[in-house]
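Data first, discussion second: the structure below is written as structure tokens.
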Amino acid sequence: NRNGKEFKEKLLTQLMGEVKKSVEDLLAVAHSGEEAVKDAPESARAAVRIHLFTLLFEDCSRLCVQLVEGSGAIELMVQLIGVAQEALQGAPAVGRETPKWITPMLLFIDLYEKVVLAMKRRDAMASICSHSWKWFDVGAGKWQGYQPGNNKTINDAFWAGEPSVKFTTGRRKYNIQFGAMMQANEETGNRRPLMITLKRDEKEADTAVERRGRWKKEDSAAAPGEKKEEEDKDESENTTTESTAAPVEANTAEPEKMETSQTDAEKQETIDSIAAKSTPPPHTTYKCSGLSSDQSQALLRAAVGLIAVPVEPDALNAILRLCLRLTRTFSQATLFAELGGIKLLLGLKQASSFSGFSSLASLLVRHVLEDDLTLKHTMEKIIRSSAATSTAATTKELHYLLRSLAPAACRQSDTFTSVARDILRVDISLLSKRGEPEDDHRLLVKSLLGKASAPAPPLKDVSKSVISDLLDFLVQSDPDEPLESDQVGDIIGKSDDIAELPTSVASILNSGTVAVQGSSTRGPAVVRQISSELIPGEKKEEVVKDGKETKEVEDARKKRHLLPKSAVCRLLAEMVKSYAGCARLITEHVYQAGITDLVKEDCTALAFILDELLTSTKDKESATLVKMLVAALASCNHAPEAQTSLVTEVKNALTRALSLPECSMKHTKVQSLTGLISTMIENCPASLATNQPPFKSGQVNMNNIVKCMVKRGLITDLARVS
């Protein structure tokens, strides 16, 4: 019988045995040293079987995790990847061909770790979650319940591990995606959030029953320490966390209404009671383990070694995805940086390009900067801004607000919980004024004011070294600059638009693997080959020459850095906005003379950026992203020294530009620098006026940047420009 649960278990068990055997065979070949692992016949067999098991993994995740951990294949894979990395690094540059099984094996380990994390979260949810589901009515700002039949359908599918479920209400068909915790109307496409409610504290529930003589209400106000878990669980299928608390000091904010008539609240309680009495689906108690600390470290060391080889783009993609998952803890991120992982990423060339590299590299850099204190400070800033910027009362509803904060909660649950508990409170003033506050069951929250004098936590040494590496990368010269490939590109650009070099992150992502495989030249090459038969003999030589020049440009493009300097400027700007300690490090960084060919004398990093990158013609996005970096530095009221340094550097750069001989570049520099001044003023927040005399209106309150400009004489310099 090729169907049913028994057949599925038998098939997956046999396939897991095949996977383990192929890994053991490859490991034996690697230790024997008789032939290269990539050339062994076991290589292709292992790649196919691992890839097949990976495809079946997500559909039968819980069973697959049990089979993987029962077989002990993960430890063998970790050993094999380490051996293969050493063999590749020891091989000559010509013979460094990436084994076929590397990519599927890395993706297999990454998926295994992802599923283990989801299983641990779901197991933690089982003891605190009820079986009642709700969807959010944005208009009313309230969570509404499902009919009992639909509620059971949704609940059974969720606890069975299904990624989605469909149900029908009247003539309307809906599709629920548990990964995003969203409900979508299949006809109109309208999307609404949904959630699963928490169990009520038993003691509190008994008190309510005695008081009212009615059934328990499953979704009433949860005890402190449970509110955050309800929302984190909403996001647990995506990449979320096991967060355990959110700060709400109003346990009795939802007293139940007296029984008068069958209102919406009464109907909701009926639905909740039926859901509470329904029998949940059987939930296995298998405890998964996941990767150990030693295995994670071994994988990180092997991953950094493989990046240094470098391997093929597909394998590099799998390596970075696995590294991103392993470096979620700061200790592992520190190990990745100390092994030289960040420097290797900056040194990669266009030949290793794949779609999404910039995002993965940026997130890896962020992990290295997020030590415990810095992460806590950043989360506090994010929570305050989310609660303060929201104007509509409906979006301040606790669970709805926590959904928007899910990325922060996913990063580190314990830190988010402690910060949220300290600064979030229930805002009674936002509740409906028509009746008693008890009539409104919503929990609308606000954030407490922060301490203006609280200093930002200092960054760790490893974080400082990463920022220094990023800034030093900006003065690196591209390998193709001495070849004057721009002139070649201009010549070929008249006949083909494919010769334009990708000078931005967007163009890299668009070209993706097409540029790597060289297929971008196949179309024009085929056209030339066909048309050359019809071209007179005198012009055939020109066509051949044109093809050679195109190949030279392609080779030059592959030697360019994978991360353009504009992308590094964007990353620095994002870091300045996110982490308080970055601004001063950037403004105080100094380049020593001769560090590269582009640095002739000692200068600050800002001076080089303003002189060279702001008006760069090689990178189309350079000017825009330098402005983004300057705007981020100007907004740092918590670091007045950085703001002062920024104003001073802009003033000095303007002086240097005005001293240039008359040329178009001089006017371009002056125009760009003067444009930066308005950008700085607009992005600097207004400083809070202290001790302002009462009854005195019409006073001009200058922000920090304007004060610095006046003090440094930059305004006077602008007046002298003619």
Inset, instruction - Drop me the distance from Leu80's CG to Ile102's CD1, to the nearest 0.5 angstrom. - result: 7.0 Å
Inset, instruction - Output the distance between atom NZ (Lys343) and atom CG (Leu348), rounded to the nearest 0.5 Å. - result: 14.5 Å
Inset, instruction - Could you check Glu370, His377, Arg366 and say which one makes a side chain to side chain donor-acceptor pair (under 3.5 Å) with Ser578? - result: Arg366
Legend entry - Heavy-atom closest contact (Ala333 atom, Val368 atom, distance): O-CG2, 3.8 Å
Inset, instruction - Quick one: pull up OG1 in Thr374 and CG in Leu459 and give me the separation to the nearest 0.5 Å. - result: 5.0 Å
Inset, instruction - Could you tell me which non-hydrogen atom of Leu346 sits nearest to which non-hydrogen atom of Asp469, and how far apart they are? - result: CD1-O, 3.8 Å
Inset, instruction - Compare all side-chain heavy atoms of Ile319 with those of Leu106 and state whether any distance is below 4.5 angstrom. - result: yes
Inset, instruction - Write down the atom of Phe357, the atom of Leu345, and the distance for their closest heavy-atom approach. - result: CZ-O, 3.9 Å
Inset, instruction - Look at the side chain of Thr197 and the backbone N and O of Ser130, then say whether any donor-acceptor pair between them is shorter than 3.5 Å. - result: no
Legend entry - From NE2 (His399) to CG (Leu401), nearest 0.5 Å: 11.0 Å
Inset, instruction - Say whether, by atom type as modelled, one donor and one acceptor occur between the side chain of Lys120 and the main chain of Lys287 under 3.5 angstrom. - result: no
Legend entry - Residue pairs passing the salt bridge (Lys or Arg N to Asp or Glu O under 4.0 Å) test where at least one lies in residues 11-23, sequence neighbours excluded: Glu18-Arg49, Lys21-Asp25
Inset, instruction - Report the residues that fulfil side chain to side chain donor-acceptor pair (under 3.5 Å) with Ser22, sequence neighbours left out, ordered by chain and then residue number. - result: none
Inset, instruction - Find the distance between CG (Asn317) and CG (Leu322) and round it off to the nearest 0.5 Å. - result: 11.5 Å
Inset, instruction - Flag yes if more than 12 heavy atoms outside His51 fall under 6.0 Å of its NE2 atom; otherwise flag no. - result: no
Legend entry - Distance-minimising heavy-atom pair for Ile342 and Phe336: CD1-CE2, 3.8 Å
Inset, instruction - For His367, enumerate each residue passing the ring pair (Phe, Tyr, Trp, His ring centres under 6.0 Å) test, keeping only those at least two apart in sequence or located in another chain. - result: none
Legend entry - Contact check, side chains of Leu363 and Leu320, non-hydrogen atoms, under 4.5 Å: no
Legend entry - Any Thr334 side-chain heavy atom under 4.5 Å of Lys460 side chain: no
Inset, instruction - Could you tell me whether a side-chain N or O of Lys565 sits under 3.5 Å from a main-chain N or O of Leu474, the two making a donor and an acceptor? - result: yes
Legend entry - Check against side chain to side chain contact (heavy atoms under 4.5 Å, CB included), Trp159 and His131: CA-CA 10 Å; Trp159 290 110; His131 309 291; 4.0 Å; yes
Legend entry - Set of side chain to side chain donor-acceptor pair (under 3.5 Å) partners for Glu312, sequence neighbours left out: none
Inset, instruction - Compare all side-chain heavy atoms of Asn175 with those of Ser164 and state whether any distance is below 4.5 angstrom. - result: yes
Legend entry - Sub-4.5 Å side-chain heavy-atom contact between Leu339 and Leu344: no
Legend entry - Student check: side-chain heavy atoms of Leu585 and His589 closer than 4.5 Å: no
Inset, instruction - Start with the C-alpha distance between Leu117 and Glu113, add both sets of side-chain angles, then the distance that settles side chain to side chain contact (heavy atoms under 4.5 Å, CB included), and finish with yes or no. - result: CA-CA 6 Å; Leu117 189 61; Glu113 189 69 4; 6.0 Å; no
Less than 3.5 Å apart, which donor and acceptor atoms pair up between the side chains of residues 293-302 and the rest of the protein, not counting sequence neighbours?
unit_1, atom_1, unit_2, atom_2, d
Gln295, OE1, Ser292, N, 3.1
Gln295, NE2, Glu75, OE1, 2.7
Ser296, OG, Ser292, O, 3.1

Legend entry - Flag, side chain of Lys381 to backbone of Lys577, donor-acceptor distance under 3.5 Å: yes
Inset, instruction - Take Ile109 and Leu291 through the side chain to side chain contact (heavy atoms under 4.5 Å, CB included) test and state the conclusion after the steps. - result: CA-CA 9 Å; Ile109 297 174; Leu291 291 172; 4.0 Å; yes
Inset, instruction - Check ring pair (Phe, Tyr, Trp, His ring centres under 6.0 Å) between Phe108 and all other residues, then give those that pass, not counting sequence neighbours. - result: Phe53, Phe57
Legend entry - Heavy-atom pair of closest approach, residues Leu316 and Val311: N-CG2, 3.7 Å
Legend entry - Whether Glu69 side chain and Cys288 backbone form a donor-acceptor pair below 3.5 Å: no
Inset, instruction - Output yes when a side-chain donor or acceptor of Arg411 lies under 3.5 Å from a complementary backbone atom of Leu375, and no otherwise. - result: no
Inset, instruction - Would you name the heavy atoms of Gln350 and His561 that are closest together and state the gap between them? - result: NE2-O, 3.6 Å
Inset, instruction - Check whether any side-chain heavy atom of Thr378 lies under 4.5 Å from a side-chain heavy atom of Tyr579, and answer yes or no. - result: yes
Inset, instruction - For salt bridge (Lys or Arg N to Asp or Glu O under 4.0 Å), just list the numbers for Asp123 and Arg62, CA-CA rounded to whole Å, side-chain angles, deciding distance to a tenth of an Å, and then say yes or no. - result: CA-CA 11 Å; Asp123 291 341; Arg62 189 171 291 271; 3.7 Å; yes
Inset, instruction - Could you go through the side chain to side chain contact (heavy atoms under 4.5 Å, CB included) check for Leu471 and Leu572 one step at a time? - result: CA-CA 9 Å; Leu471 290 170; Leu572 290 171; 3.6 Å; yes
Inset, instruction - Give, for atom CD1 of Ile382 and atom CE of Met379, the distance between the pair rounded to the nearest 0.5 Å. - result: 7.0 Å
Legend entry - Any side-chain heavy-atom pair of Leu52 and Val19 under 4.5 Å: no
Inset, instruction - Determine, for Glu380 against Arg384, whether the closest basic-nitrogen to carboxylate-oxygen distance falls under 4.0 angstrom. - result: yes
